[in-house]
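The structure appears below as structure tokens.
Because only heavy atoms are used, hydrogens play no part in the values below, and waters and symmetry mates are left out as well, while side chains stay in. Remember, it's a predicted structure, so these values are computed and weren't measured experimentally.
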Amino acid sequence: RQLQAGTLPRAAVAITVDDCAYDFLARAWPVLAELSLPATVYQTTYYSEDNRPVFDPFVSYLLWKGRSRQVQFDGLLPQGGRHQLSSAQARDALTLQVLDHARAAGLDAEAKDALLDAIAQRVGVDIAALRSRRILHLMSPAEIQLLAGKGVDFQLHTHRHRTPEGASDFAREIHDNRTRLEPLTHRPAAHFCYPSGVYRRRFLDWLRESNVESATTCDPGMATAESHPLLLPRLVDTEGLSDVTFEAWTSGVADLLPRRTRFGSGASSEE
């Protein structure tokens, strides 16, 4: 509201966190608390309630952990074959094969877990140890409630981390997400982040119908009073973002430079 009214202090910054994994609680929150920095967490909730590794990124993580190996996938994937995991390109291609297979086969959560176990065995990774450390697990409802009580602002990111192309399914994602968050936080959930940065123009009306006030994209840029409140730009800080680039954005210089790329894995423009 202050952004739209032009009443924000100079160089104001909003810290946002997507998904939000257990490592936010274990690693990021202590730093934010020490520095008295507020943050908004866009919390997807399916894997929060069903606390197991988030399947899609965990597949990629397992293949990265086995990057020194050549692995046989016969009997595990329809395509089978022997795969060398040393290159990021090969791992990305194999990850897509695994995700496509899980989707085509209609695997449920238990079947996906079994597939993760089988992949871990092939690549020589102790998956039990990763699970015990809650690698790529989301925060549990109790942990969300704990941090909400300490001032972390939890907002909408869909229940199943997806943006359906149909209006009713889209509204269901917002509803399912909201009805899980608000009883934990005792605050209204009226702000939204597009999962993986994917948005369409028609989503804007659907968000308004679901009483969403603002929405953030993965499109890089500085938010101004002229920014559409449901298409807010932001800088997505990932491991691939250099310190120089980060400093250029936080100083405001990068926003003045011409650019053609988007930051954030999976970012997609409107149709």
Side-chain angles (χ1 to χ4, degrees), residues 16-21 40-60 95-116 136-141 144 148 153-185 187-219 228-234 236 262 264-271:
T16 64
V17 184
D18 294 358
D19 292 336
C20 179
T40 293
V41 170
Y42 295 112
Q43 182 75 53
T44 184
T45 41
Y46 175 83
Y47 275 103
S48 177
E49 291 184 329
D50 191 4
N51 210 245
R52 61 181 79 224
V54 182
F55 181 73
D56 289 20
F58 207 80
V59 170
S60 178
T95 296
L96 288 177
Q97 286 187 38
V98 174
L99 301 186
D100 288 344
H101 165 62
R103 192 175 301 112
L107 300 186
D108 61 14
E110 287 74 18
K112 287 180 178 179
D113 263 5
L115 181 55
L116 291 176
L136 290 173
H137 288 59
L138 297 189
M139 292 190 297
S140 69
I144 293 171
D153 182 29
F154 287 89
Q155 294 293 330
L156 302 166
H157 199 38
T158 75
H159 179 51
R160 300 164 187 84
H161 200 268
R162 63 189 185 191
T163 44
E165 297 292 335
S168 61
D169 289 339
F170 190 98
R172 178 190 173 198
E173 283 296 329
I174 301 296
H175 173 270
D176 290 353
N177 197 198
R178 179 178 277 143
T179 56
R180 284 159 173 81
L181 285 177
E182 290 185 344
L184 299 175
T185 65
R187 296 189 62 182
H191 304 278
F192 177 76
C193 172
Y194 298 97
S196 302
V198 176
Y199 61 86
R200 306 281 186 265
R201 277 287 175 183
R202 60 181 174 274
F203 292 174
L204 306 188
D205 288 336
W206 299 349
L207 288 171
R208 293 187 192 98
E209 290 167 4
S210 292
N211 298 313
V212 171
E213 297 177 21
S214 75
T216 57
T217 69
C218 291
D219 298 347
H228 194 298
L230 297 179
L231 291 172
L232 293 174
R234 60 179 178 160
V236 180
R262 299 174 185 273
S265 176
S268 173
S269 65
E270 59 197 314
E271 55 191 12

4.5 Å side-chain heavy-atom contact, [X] and [Y]:
X	Y	value
H159	T179	no
F55	V98	yes
T44	N177	no

Got a second to check how far [X]'s [atom1] is from [Y]'s [atom2], nearest 0.5 Å?
X	Y	atom1	atom2	answer
Y47	F58	OH	CZ	11.0 Å
R178	N211	CZ	CG	6.0 Å
L138	H157	CG	NE2	9.5 Å
L99	L107	CG	CG	10.5 Å
Y42	T216	OH	OG1	4.0 Å
H101	L96	NE2	CG	14.5 Å

Which pair of non-hydrogen atoms, one from [X] and one from [Y], has the smallest distance, and what is that distance?
X	Y	value
L116	P53	CD1-CB, 4.3 Å
P141	S48	CD-O, 3.4 Å
Q155	L181	O-CD1, 3.4 Å
A189	L156	O-CD1, 3.5 Å

Checklist entry - Would you say the side chains of D19 and H161 form a donor-acceptor pair under 3.5 Å? => result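 Side chains of D19 and H161: pair found under 3.5 Å.
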Next on the checklist: Salt bridge check, D169 against R172: does any charged N sit closer than 4.0 Å to a carboxylate O?
Outcome noted: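 D169 and R172: not salt-bridged.
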Item to check | F170 and its ring-ring contact (aromatic ring centres under 6.0 Å, His included) partner, picked from Y194, Y199, W206 | outcome: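 In the set Y194, Y199, W206, the residue that makes a ring-ring contact (aromatic ring centres under 6.0 Å, His included) with F170 is W206.
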